[in-house]
Amino acid sequence: MAVFTEVSQDDARDLAAKLALGEVRELRGIQGGIENTNYFLTTSTGEFVLTLFERLSFEQLPFYLHLMKHLAAHAIPVPEPHATPGSATADNPDGRLLQTVCGKPAAVVGKLRGKSELAPTAVHCAAVGDMLARMHLAGRDYPHMQPNLRGLAWWNETVPVVLEHTTPEQSALLKGELALQNHVAASSAYAALPCGPIHADLFRDNVMFDDGELTGFFDFYFAGVDTWLFDIAVCLNDWCIDLATGRQDDARTQAFLRAYNAVRPLAAAERQLLPVMLRAGALRFWISRLWDLHLPREASMLKAHDPTHFERVLRQRVAQAYRTL
Ligand SMILES: Nc1ncnc2c1ncn2[C@@H]1O[C@H](COP(=O)(O)OP(=O)(O)O)[C@@H](O)[C@H]1O
Ligand SMILES: N[C@@H](CCOP(=O)(O)O)C(=O)O
């Protein structure tokens with residue numbers, strides 16, 4: 001369970017009162033997740049998720065919380081953050097969404113129905129592709145800007161730190177792929193890629209399904225403004241591969257891309273750069289998993305994800321790119 005900060009019943013009662021959520025019935029630490037402290041909060045008015053942000057600052061958080069509000073208002077199924085009653089102003093029509101609990105930035109959002117689909121079929125992948133395209137379009141008029149904080153600049157900073165913990169073969173692959181991504185990012189094809197707010201971490205465990213129906217995307221706290229293609233690549237690398245080998249599953253990949261394309265057709269530059277973006281998506285999570293494993297934080301029962309999984313995915317994507325050349 002990733003509970004970095006213990007929240008008391010008194011803290012929960014104070015927060016529920018402040019947000020007019022009613023009487024607290026239950027507060028339960030959530031298993032899973034590796035970034036933040038999460039609790040299920042049940043009150044007399046409903047079920048919510050309380051998140052205490054362990055890395056993001058008070059200044060960074062409004063981007064994510066207002067993005068969730070914006071997407072919800074555009075009929076994208078995402079958890080809606082709760083505002084302090086009466087805090088809306090002409091400048092800030094969403095009201096105050098960010099709270100302080102145990103001295104940390106915190107938010108209360110609605111609890112989504114259902115559970116994650118960890119062994120998705122082509123039908124699940126199509127549902128995610130369709131909704132991702134809708135989400136990208138819905139984000140076009142989102143007025144706030146914050147870059148993807150786990151984008152290229154972070155990879156450039158973090159690779160030298162994790163290289164101390166890798167074998168010579170792994171180091172060579174990391175350095176080579178990083179050089180490639182820096183080169184691609186400077187290209188005219190890359191500059192032509194459409195951008196907007198992206199989720200950037202839309203793995204199987206960040207989507208809910210209930211009885212086959214997609215009930216929501218959640219965990220927007222790695223979101224940022226970046227290329228839409230990066231979001232697609234992150235999804236394809238998690239939803240549409242064989243998990244044991246990291247190999248692409250063609251049926252699920254086609255189902256995802258067809259559904260996405262039916263809502264928002266991919267641009268020529270996106271088709272051209274998809275193979276290299278799949279490598280970028282794998283590199284991103286290989287780096288962060290190495291970083292989380294070798295530079296861990298204190299948390300009750302925090303279980304780091306396995307970095308070698310994304311090394312395998314990356315090697316498959318490299319081999320695949322050579323096959324398609
Ligand atoms: N809005 C939500 N509705 C329902 N369950 C949620 C919601 N937010 C989080 N959860 C549950 O909490 C778990 C951990 O949340 P997650 O956001 O992935 O953690 P982290 O912030 O550490 O990445 C999820 O796997 C899910 O079971
Ligand atoms: N999805 C990422 C890391 C973030 O994990 P989460 O469970 O907190 O969303 C990975 O798998 O490496």
Side-chain angles (χ1 to χ4, degrees), residues 1-5 26-42 46-56 60-61 64-65 67-69 71-72 76-82 97 104-118 148-150 154-155 158 162 198-210 214-224 230-231 233-239 241 243 246 281-294 296-297 299-314:
M1 178 197 303
V3 171
F4 300 87
T5 307
E26 195 188 12
L27 179 69
R28 185 161 44 93
I30 299 183
Q31 299 208 342
I34 59 165
E35 278 299 307
N36 299 308
T37 292
N38 289 295
Y39 285 86
F40 286 128
L41 172 67
T42 307
E47 291 186 293
F48 308 93
V49 173
L50 163 62
T51 300
L52 271 63
F53 299 97
E54 301 290 345
R55 278 183 166 140
L56 293 167
Q60 291 165 332
L61 277 157
Y64 309 102
L65 299 174
L67 177 60
M68 288 156 78
K69 270 273 185 197
L71 294 175
I76 306 300
V78 302
E80 219 175 317
H82 285 263
L97 305 176
K104 305 232 161 116
V108 174
V109 303
K111 182 174 181 236
L112 296 167
R113 276 187 298 122
K115 60 182 177 52
S116 295
E117 183 51 68
L118 299 180
N148 172 4
L149 300 177
R150 291 283 169 94
W154 187 82
W155 312 346
T158 309
V162 300
I198 65 164
H199 184 288
D201 183 29
L202 195 61
F203 279 51
R204 287 159 297 138
D205 62 357
N206 286 332
V207 177
M208 291 296 189
F209 281 91
D210 191 21
L214 193 163
T215 54
F217 288 175
F218 65 102
D219 198 6
F220 276 80
Y221 308 119
F222 281 127
F230 183 72
D231 234 4
V234 169
C235 288
L236 292 175
N237 279 343
D238 187 62
W239 289 87
I241 61 162
L243 291 171
L283 178 67
R284 143 62 176 108
F285 287 97
W286 188 20
I287 297 170
S288 64
R289 285 183 171 201
L290 284 166
W291 190 63
D292 284 332
L293 181 70
H294 296 295
R297 300 174 296 164
S300 46
M301 293 169 66
L302 173 62
K303 193 172 177 308
H305 294 303
D306 172 19
T308 64
H309 171 71
F310 272 107
E311 179 183 352
R312 266 189 304 282
V313 177
L314 178 56

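Heads up: numbering here begins at 1 and tracks the sequence. Counting starts at 1 for both ligands and their atoms, in listed order.
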May I ask whether Ser116 has any heavy atom positioned less than 4.0 angstrom from an atom of ligand 1?
-> no
For ligand 2, which atoms sit closer than 4.0 Å to a heavy atom of Phe285?
-> 2 (C), 10 (C), 12 (O)
Report the relative orientation of the aromatic rings in His199 and Phe217; use parallel for angles under 30°, tilted for 30 to 60°, perpendicular for over 60°.
-> perpendicular
Where do Ser116 and Met208 come nearest, in terms of heavy atoms and distance?
-> N-SD, 3.7 Å
Between Gln31 and ligand 1, is there a nitrogen or oxygen pair with a distance under 3.5 Å?
-> no
Which atoms form the tightest heavy-atom contact between Leu97 and Pro81, and what is the distance?
-> CD2-O, 4.0 Å
Near Asn206 (heavy-atom distance under 4.0 Å), the atoms of ligand 1 are 18 (O)
Leu112 and ligand 1 - part of the residue with a heavy-atom distance under 4.0 Å | both
Which ligand 2 atoms does Phe203 reach within 4.0 Å, using its non-hydrogen atoms?
-> 1 (N), 10 (C), 11 (O)
For ligand 1, which atoms, with element, lie under 4.0 Å from some heavy atom of Asn38?
-> 14 (C), 15 (O), 16 (P), 19 (O), 20 (P), 21 (O), 22 (O)
Give the atoms of ligand 2, by number and element, whose distance to some non-hydrogen atom of Asp205 is under 4.0 Å.
-> 7 (O)
Can you list the ligand 1 atoms lying under 4.0 Å from a non-hydrogen atom of Lys111?
-> 3 (N), 4 (C)
Evaluation steps, ring-ring contact (aromatic ring centres under 6.0 Å, His included), between Phe220 and Tyr64 = CA-CA 6 Å; Phe220 276 80; Tyr64 309 102; 9.0 Å; no
Exercise: identify the closest heavy-atom pair between Asn36 and Phe53 | OD1-CA, 3.5 Å
Closest non-hydrogen contact found for Leu214 with Pro77 is CD2-CG, 4.3 Å
Applying a 4.0 Å heavy-atom criterion (strictly less than), which segment of Asp238 is in contact with ligand 2: side chain, backbone, both, or neither?
-> neither
With heavy atoms only and a cut-off of under 4.0 Å, state how Met208 meets ligand 1: side chain, backbone, both or neither.
-> side chain
Which option, Asp292, Asp219, Asp306, owns the non-hydrogen atom nearest atom 6 (P) of ligand 2?
-> Asp219
Okay, side chain of Trp239, backbone of Leu202: is any donor-acceptor separation there less than 3.5 Å?
-> yes
May I ask you to identify, for Thr51, whether its side chain, its backbone, both or neither come under 4.0 Å of ligand 1 on a heavy-atom basis?
-> neither
Charged N-O contact under 4.0 Å between Glu35 and Arg55 = yes
Exercise: do Asn38 and Thr51 side chains pair donor with acceptor under 3.5 Å = yes
Within the 4.0 Å heavy-atom cut-off, what Val49 brings close to ligand 1 is side chain
If every non-hydrogen atom of Trp291 is compared with every non-hydrogen atom of Thr158, which pair is closest and at what distance?
-> CD1-CG2, 3.5 Å
Look at the side chain of Arg204 and the backbone N and O of Leu118, then say whether any donor-acceptor pair between them is shorter than 3.5 Å.
-> yes
Considering the heavy atoms of Asn206, write down every atom of ligand 2 situated less than 4.0 Å from one of them.
-> 9 (O)
Quick one: does Tyr221 get a heavy atom under 4.0 Å from ligand 1?
-> no
For Asp201, atoms of ligand 2 separated by under 4.0 Å from a heavy atom = 1 (N), 2 (C), 4 (C), 9 (O)
Backbone or side-chain N or O of Asp219 under 3.5 Å from ligand 1 N or O | yes
Where do Val108 and Tyr39 land on the side-chain contact (heavy atoms from CB on, under 4.5 Å) test, with the steps shown first?
-> CA-CA 10 Å; Val108 174; Tyr39 285 86; over 6 Å; no
Which of the atoms in ligand 1, numbered in the order shown and given with their element, are less than 4.0 Å from a heavy-atom of Phe218?
-> 7 (C), 8 (N), 9 (C), 10 (N), 24 (C), 26 (C)
Using a heavy-atom cut-off of under 4.0 Å, does the side chain or the backbone of Phe40 touch ligand 1, or both, or neither?
-> side chain
State whether Phe209 and Lys115 meet the cation-pi test: NZ (Lys) or CZ (Arg) under 6.0 Å from the six-membered ring centroid, and within 45° of the perpendicular axis.
-> no
Short N/O distance, under 3.5 Å, between Arg289 and ligand 2?
-> yes
What are the atoms of ligand 1, with element, lying closer than 4.0 Å to any heavy atom of Pro79?
-> 1 (N)
